[in-house]
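Reading through the structure tokens given below for one structure.
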Protein chains: 2
Amino acid sequence: MAEIVSKATIRDVARAAGVSVGSVSRALNGGKNVSARVARDVAAAAEKLRYQPDFQARSLRTRTTGMVGCLVSDVANPLYASIVQAAEARLRETGLLMVVANTANDPARERAMVAAFRSRRLDGMLVAPGSDENDRAWRDLATGGAPVVILDRDVPGEGDRPWPAVLVDHREGARTATRYLIGLGHRRIALLTPGARMRPGRERIAGFKAAFAEADIDPEGALICLQESSMDFAQGDALELLRRDRRPTAIIALGTRILAGALRAARDLGHSVPRDLSVIAVGDTDLAAVHSPAITALRWSLEDVGRAAAELLLQRLRGTGEGQSRALLPVDLVLRESCVPPPTT
Amino acid sequence: MAEIVSKATIRDVARAAGVSVGSVSRALNGGKNVSARVARDVAAAAEKLRYQPDFQARSLRTRTTGMVGCLVSDVANPLYASIVQAAEARLRETGLLMVVANTANDPARERAMVAAFRSRRLDGMLVAPGSDENDRAWRDLATGGAPVVILDRDVPGEGDRPWPAVLVDHREGARTATRYLIGLGHRRIALLTPGARMRPGRERIAGFKAAFAEADIDPEGALICLQESSMDFAQGDALELLRRDRRPTAIIALGTRILAGALRAARDLGHSVPRDLSVIAVGDTDLAAVHSPAITALRWSLEDVGRAAAELLLQRLRGTGEGQSRALLPVDLVLRESCVPPPTT
DNA sequence: GGTTGAATTGGAAACGTTTCCATACTGCGG
DNA sequence: CCGCAGTATGGAAACGTTTCCAATTCAACC
């Protein structure tokens, strides 16, 4: 009949079971040094009172909150959403909750959120900084003692050793894609990617250039076009690119929005994909898979990134040996219909 | 030079400022009843010691955590991701953190997460239950006293009054879309949407049927095809649908994955969109906007949903008058290139 | 100068746990 | 029968805040 639920405190349970609060705590948690009788009575009392321990109070004493933070520029970005999703799944399995915050790549906001996380005493955090230089914030957090795992960024690191991180081999991916296009005969290829402020862009550019270098062809054909990550910008840039005299015959475009912009620009100019323009998507989004023609894409597993990051963090939280401190995930080129040899002019 | 940061407690500040802890607390929070001298000294001491209050401890005393939960089936689903993003943005403005959890529409997991949220004493929560019947879980939470805002679901409600909720007018949207297709001359139209277990599906079906009813045409042409939300399923179903003798001449398909399945099926069968098959997307995703041909779509603002939900929750948290308790957001049909009159057979 | 009421302050009691410590109890070997 | 080691137990301290309450100061007014 008890309608008023859940005001039950450990003291109530103790009283109901006729033991001390200390015993209740031991019975419910440790199980160590507790007699069968006490265990039984406490369990019964807890059940009857629908006792649910108060995490806040427990946290205060144990200095652990059972929560980890996740800081990304935008959870709605498909390239992050799946990472967050997978990480949450893994963390939940161990009873951890995940608090997420969007930074929009604003360093001030990043610092503010790190401070908030620390002030809330979150046990750890997963972060994808908006630039590699803002490591003061992470350092701050680290001095708070909470482990940090970096998502696909090169953050300088803490004195001696680098931060634990999950990295994606964008360089090799970009090189493979570029090599493939060169192999098809393309000599002028544009790479559309957000700025080199962050690791993924930097690595892609490096791989892109490497492919040109190793093919020993005119590096002038490697058109690097840095982007805001927005469809309209990309469309404008792509239009400009495709109107040039010696326009690129192939485009490598990041994500959903930039890819979309490029595709639109091509359509607006009456270029047919792949006949007039080959296209490779970086990141295998719904759009790439379903577009007609289906877009050849560089794919890496976002789920793996999330899972691996969670795993790395869990290792640190448990303090079980250092284990490995970084993971490098592979990138595959999945061949579809959007690449053919360049038109013969 | 102080390298060891952030062990500073309020007691340290009190000592450094030469006042009592009570005064420090008042100086830092209330500002009420505190002399200029104390305010100055405390501020200075806090600054010098880099004092950051411990939210855990504060929570214990104030019974408020500054965190709200968000429970959806899958944050990586584009239809949720933007909602979460927008809600987080609004909540953050007021200093609240958001913890998210994915339920995969599993009622057991939903209950478990609600329990976890309550146990952590989250101040409130935003939830999109996987079915409308699992309201026991929310009732539990409500008895914990934390306000709940429902995202686009019909949850029976708490005795007298319904839960606060943000709803989308899917019925009207579906009706508009269907009416539009009928107006173009279509008589056999398929609606591909996930089951009627949840409000959006139910409402869409109702609107779909209503359009047929009001047009006074053969309701046999209203082909309702319930779906798992997965591309492969949708593709299979769509193939079956399009192979029928009297195949639909238009398809209304939900989201990214089902839409993608339908588009693929059409392509596999050599049906050209829109010549042989008109298509309307439900939900204006990247895919719909960028596909060639661009897909006419039902659009509602996910950002508005998230913002409105956050706003409703904030109202409840502040306890400022009841305000309105539900919002109904409009759905627009954005016309693109994927709908034309049916082929004349 | 004394009285009064408000403004400020310090001290201590909460908040609900976990964990430490001292005590009581148990069984066992001498 | 007496230590004695180990195990169970109760009581209390601690975690870091906020907030209550009583005490003190202060200014102003008679």
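Just so we're on the same page: letters track the sequence lines, and every chain starts at 1. Computed from a predicted model, the values in this text were never measured in an experiment.
Although no hydrogens or angles enter the test, the distance criterion places no donor-acceptor pair under 3.5 Å between the side chain of B/N102 and the main chain of B/A104. Here the side chain of A/S119 pairs a donor or acceptor atom with the backbone of B/P53 at under 3.5 angstrom. At distances below 3.5 Å, not a single donor-acceptor pair connects side-chain atoms of B/T103 with backbone N or O atoms of B/E110. In this structure a side-chain-to-backbone donor-acceptor pair under 3.5 Å is missing from B/R90 to B/A309. A/R121 places no side-chain N or O within 3.5 Å of a backbone atom of A/L60 that could act as its donor or acceptor partner.
For the pair B/A57 and B/A36, both in contact range of DNA chain C, the more 5′-proximal nearest nucleotide belongs to B/A36. Each of B/V19 and B/L60 was assigned the nucleotide of DNA chain C with the nearest heavy atom; the assignment lying further toward the 5' end belongs to B/V19.
As rounded to whole Å, 10 Å separates atom C1' of D/dC15 from atom CZ of A/R121. The interatomic distance linking A/R37 (CZ) with C/dT26 (P) rounds to 11 Å, in whole Å. Rounded to an integer number of Å, the gap from CZ of B/F55 to P of D/dT17 is 11 Å. Separating the CD atom of A/Q56 from the C1' atom of D/dT17 is a distance of 12 Å, rounded to the nearest angstrom. Rounded to a whole Å, the CZ atom of B/R63 is 9 Å from the P atom of C/dT17. When rounded to the nearest whole Å, the span between CG of B/N29 and P of D/dC20 equals 13 Å. In this structure, A/I10 places its CD1 atom 13 Å from C1' of D/dG10, rounding to the nearest Å. For the pair B/D41 CG and C/dG10 P, the computed distance is 11 Å after rounding to whole Å.
End-to-end axis angle for the helix from C/dG1-D/dC30 to C/dG30-D/dC1, using five pairs per end and rounding to 10°, comes out at 60°.
If you check every strand for non-hydrogen atoms under 4.0 Å, B/R11 touches a base. In this structure, B/N33 reaches the bases: a heavy-atom distance under 4.0 Å links it to at least one base atom across the strands shown.
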Exercise. What string of B, S and - do you get for nucleotides 19-24 of chain C, 5' to 3', when a contact is any protein heavy atom under 4.0 Å?
Worked result: BB----
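When each of B/V68, B/V149, B/L96 is tested with B/L314 by the rule side-chain contact (heavy atoms from CB on, under 4.5 Å), just one qualifies, namely B/L96.
Environment of CD in B/E47: sparse, with no more than 12 heavy atoms of neighbouring residues, nucleotides or ligands closer than 6.0 Å.
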Problem set entry | Audit row: B/L302, B/Y80, side chain to side chain contact (heavy atoms under 4.5 Å, CB included) steps and yes/no | CA-CA 8 Å; B/L302 298 168; B/Y80 286 123; over 6 Å; no
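At the phosphate of D/dT7, neither OP1 nor OP2 sits under 4.0 Å from any side-chain N or O atom of A/S35. Distances shorter than 4.0 Å separate none of the side-chain N or O atoms of A/S59 from OP1 or OP2 on D/dC15. Not one side-chain nitrogen or oxygen of B/T9 sits closer than 4.0 Å to the OP1 or OP2 atom of D/dC15.
For the pair B/R120 and B/F117, the cation-pi criterion (under 6.0 Å, within 45° of the ring axis) is not fulfilled.
Between A/D54 and B/R63 there is a salt bridge, since at least one side-chain N of the basic residue sits less than 4.0 Å from a carboxylate O of the acidic one.
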